[in-house]
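So the structure is just underneath, and the comments pick up after that.
Just so you know, these numbers use all the heavy atoms, side chains as well, and skip hydrogens, waters and symmetry mates. The residues of the chain are indexed from 1 along the displayed sequence.
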Amino acid sequence: MFKPLITAALFTAFATPAALAGPAERLGRADHRLTAAEIRGDIPQDSRADAVENRIDRYENKVDRRESRRDEAMDNGPRDVAEDRLDRAENALDRREDRIDRRN
């Protein structure tokens, strides 16, 4: 009797974080996997897969900037302001890394 209930609860516990993740977070996860593959050497430079990875990077940066602007529009206290500054710095670092990657 409790087996289906426990199974459903476990499935919900594992599926909920992925379902609640925003578009920027989901793109970040995919980008992280592609970057790891590129570092390992699975994706050679100037290949079609590298061009796709670069396009995904650019799109992720666009989504991150939109999300940052939405977050900065609302001020929920000093911690929120600090998080906004951290996000802004992280976005700038991501864009810089992407430019360096495209140059190499």
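Residues meeting the side chain to side chain donor-acceptor pair (under 3.5 Å) test with Ser68, sequence neighbours left out: Asn91. Shown here are the side chain to side chain donor-acceptor pair (under 3.5 Å) partners of Asp84, two or more places apart in sequence or in another chain: there are none. When the side chain to side chain contact (heavy atoms under 4.5 Å, CB included) test is applied to Leu93, the partners found at least two apart in sequence or on another chain are Arg96, Glu97. Partners of Asp98 according to the side chain to side chain donor-acceptor pair (under 3.5 Å) rule, which considers only residues two or more places apart in sequence or in another chain, are Asn61. Partners of Arg40 under the salt bridge (charged side-chain N to carboxylate O under 4.0 Å, His left out) rule, at least two apart in sequence or in another chain, are Asp42.
Taking CG from Asp94 and CZ from Arg99, the interatomic distance works out to 11.0 Å, rounded to the nearest 0.5 Å. To the nearest 0.5 Å, atoms CD (Glu60) and CZ (Arg95) are separated by 11.5 Å.
Contacts classified as side-chain hydrogen bond (donor to acceptor under 3.5 Å, both in side chains) and involving residues 70-81 (residues at least two apart or in different chains) are given here: Glu72-Arg88.
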